[in-house]
Amino acid sequence: MGGEEEEENSVCASITLEEWNGSSSTKLFKTATITASSSLSVQRSANRINHVWRRVLQAFVPEGFPDSVTPDYVGFQLWDTLQGLSTYIKMMLSTQALLSAIGVGEKSATVIGATFQWFLRDFTGMLGGILFTFYQGSNLDSNAKMWRLVADLMNDIGMLMDLLSPLFPSAFIIVVCLGSLSRSFTGVASGATRAALTQHFALQDNAADISAKEGSQETMATMMGMSLGMLLARFTSGNPLAIWLSFLSLTVFHMYANYRAVRCLVLNSLNFERSSILLAHFMQTGQVLSPEQVSSMEGVLPVWATSLKSTDSNALHKRVHLGVRVSSLPRPDMMQLLNGVGGSSHKNAKYLLGHRKGNVNVILHKDSAAGDVLKSYIHAVAMANLMENNTAFYSEGEAWMDKHYDEFLNKLRSGGWKTERLLCPSITWRANWISHATGAKID
């Protein structure tokens, strides 16, 4: 027994414990080595700079980075931070001009006058934000890239109005109210698209962490931008040419950085344009494009800013009108729909399709679900695609849906696409149809 105890003591005589730091999803690094023998020895890692850097980085990137976010997160955040930096530099120039126009520093200016002007400016912005949400709120999800660009363009226009305000003293209130109205669109569109993109980036249900760290990044960009803006405002004070050159140069860079930021995004949700690009390619080759491939093909500019020249795959979605109001259609189109209600194609479908001058109208049933909306849109795009070279596009479209629709959806899921629903503006007009031949509703 005595020999066994001595052997156990010799085995346990020296114990080494290593201390590691880092979240479970990231690469751990050793911070200390603790050795226990006859005495306790603690040897700390010599790379203290690396440890401090990692601790600072934790305030700006999500826990588990980069495994906890999508691959396009880094590129987007880099360009987004740069555009934010340029925005706050410009903001100091426009704020300086606005305060000058209000009368700060002038003996003739009154407190009540400046307060009233500021009130009108803010009131116009608040009202504009409500109206913009009413008209476009449901459309922001489906076109996140485009609205992200539009939001920053409207912000630039708002700052431009502030910079112009001292030049038009007689129309000062109108100019600053227009600027505030423009920026109100920015607040709504930017906030809504940021929420949608945060959900896209979150791979581990960590949207709250990503949002918090994005706030830290924006705060840092704000502080740096305001500091640089103060220096720029000081150097350009009293020199209108230098102010305008600085403002316009920063605006050009700001829009370029925004364009690069949205071009970095690789969204795997289905909206009108992405669905039409995917379907056109599938009908031609039988294969489904990846989200990365579609990202490089889809447009990010507003409709009024895009070129008139476009490929057939990109133009298909413009020829489909989803959720059309039946009573708004011409009488021949209504007769076409009513004559087709009892047809085989509509007995089990929750939608009706009609065509006019190369466009396809989709009327949805009042009981249609998310899956029916997606199916109706795919059917309409397939019919619009077949319409170009086939006179029997109705029957051909039905045959294609019966044969290929399930295969198309399965390949989309395998390719990493989300097929639960179609991202589209809110559908407010629906219909319910009854076949009088049977006296029963057609569901």
Side-chain angles (χ1 to χ4, degrees), residues 23 25-27 57-87 139-153 189-218 220-221 253-278 281 288-302 306 313-314 411-423:
S23 64
S25 303
T26 59
K27 182 180 178 181
L57 199 63
Q58 287 177 1
F60 298 98
V61 298
E63 184 178 353
F65 175 84
D67 299 326
S68 61
V69 292
T70 55
D72 54 351
Y73 174 82
V74 174
F76 176 82
Q77 289 299 128
L78 175 63
W79 286 107
D80 189 56
T81 300
L82 290 175
Q83 69 84 17
L85 186 66
S86 63
T87 295
N139 193 30
L140 300 175
D141 261 337
S142 57
N143 291 291
K145 292 185 180 183
M146 185 268 286
W147 282 114
R148 186 74 184 180
L149 270 182
V150 171
D152 285 289
L153 175 62
S190 180
T193 53
R194 167 55 68 178
L197 295 179
T198 299
Q199 292 294 334
H200 161 70
F201 292 137
L203 290 181
Q204 299 177 356
D205 294 328
N206 56 338
D209 185 31
I210 292 175
S211 180
K213 299 306 168 57
E214 195 275 335
S216 295
Q217 296 169 23
E218 186 172 352
M220 179 60 70
F253 175 76
H254 176 241
M255 291 311 302
Y256 172 75
N258 270 291
Y259 180 80
R260 290 296 303 270
V262 297
R263 272 300 181 196
C264 289
L265 292 171
V266 180
L267 305 180
N268 61 349
S269 54
L270 296 176
N271 66 358
F272 288 160
E273 186 175 8
R274 288 192 285 272
S275 298
S276 66
I277 293 173
L278 286 164
H281 187 267
V288 167
L289 295 169
S290 68
E292 290 78 13
Q293 290 172 310
V294 174
S295 177
S296 64
M297 298 169 65
E298 69 174 321
V300 297
L301 298 176
T306 56
S313 61
N314 289 336
K411 287 192 174 182
L412 284 177
R413 296 187 190 102
S414 301
W417 291 97
K418 296 180 180 178
T419 60
E420 294 82 9
R421 69 186 186 102
L422 176 72
L423 294 180

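Keep in mind that the numbers below use all heavy atoms, side chains included, and drop hydrogens, waters and symmetry copies. Just so you know, these numbers come straight off a predicted model, no measurement behind them.
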Chi angles and distances behind the side-chain contact (heavy atoms from CB on, under 4.5 Å) call for Met255, Leu149: CA-CA 8 Å; Met255 291 311 302; Leu149 270 182; 4.3 Å; yes
Evaluation steps, side-chain contact (heavy atoms from CB on, under 4.5 Å), between Asn268 and Val294: CA-CA 9 Å; Asn268 61 349; Val294 174; over 6 Å; no
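Side-chain contact, Asp80 with Gln77: no donor N or O sits under 3.5 Å from an acceptor N or O.
In this structure Glu218 satisfies the salt bridge (charged side-chain N to carboxylate O under 4.0 Å, His left out) test with no other residue, sequence neighbours excluded. Remark: Tyr256 pairs with Trp79 by the ring-ring contact (aromatic ring centres under 6.0 Å, His included) rule, at least two apart or across chains. Contacts of Thr70 classified as side chain to side chain contact (heavy atoms under 4.5 Å, CB included), with partners at least two apart in sequence or in another chain: Asp72, Tyr73, His200, Phe201, Leu203. For Val288, the side chain to side chain contact (heavy atoms under 4.5 Å, CB included) criterion is met by Leu278, Phe282, Phe408, Lys411, Leu412, Trp417, not counting sequence neighbours. Annotation: side chain to side chain contact (heavy atoms under 4.5 Å, CB included) contacts of Thr198 (sequence neighbours excluded): Arg194, Ala207, Ile210, Ser211.
Listed by first and then second residue, the salt bridge (Lys or Arg N to Asp or Glu O under 4.0 Å) pairs involving residues 412-422 amount to none (not counting sequence neighbours).
Between Glu298 and Lys145, at least one side-chain nitrogen of the basic residue sits less than 4.0 Å from a carboxylate oxygen of the acidic one, meeting the salt-bridge criterion.
The main-chain N or O of Ser295 is found under 3.5 Å from a side-chain atom of Arg263 such that the two form a donor-acceptor pair. Within the 3.5 Å criterion, the main-chain N or O of Glu63 finds a donor-acceptor partner in the side chain of Asp209.
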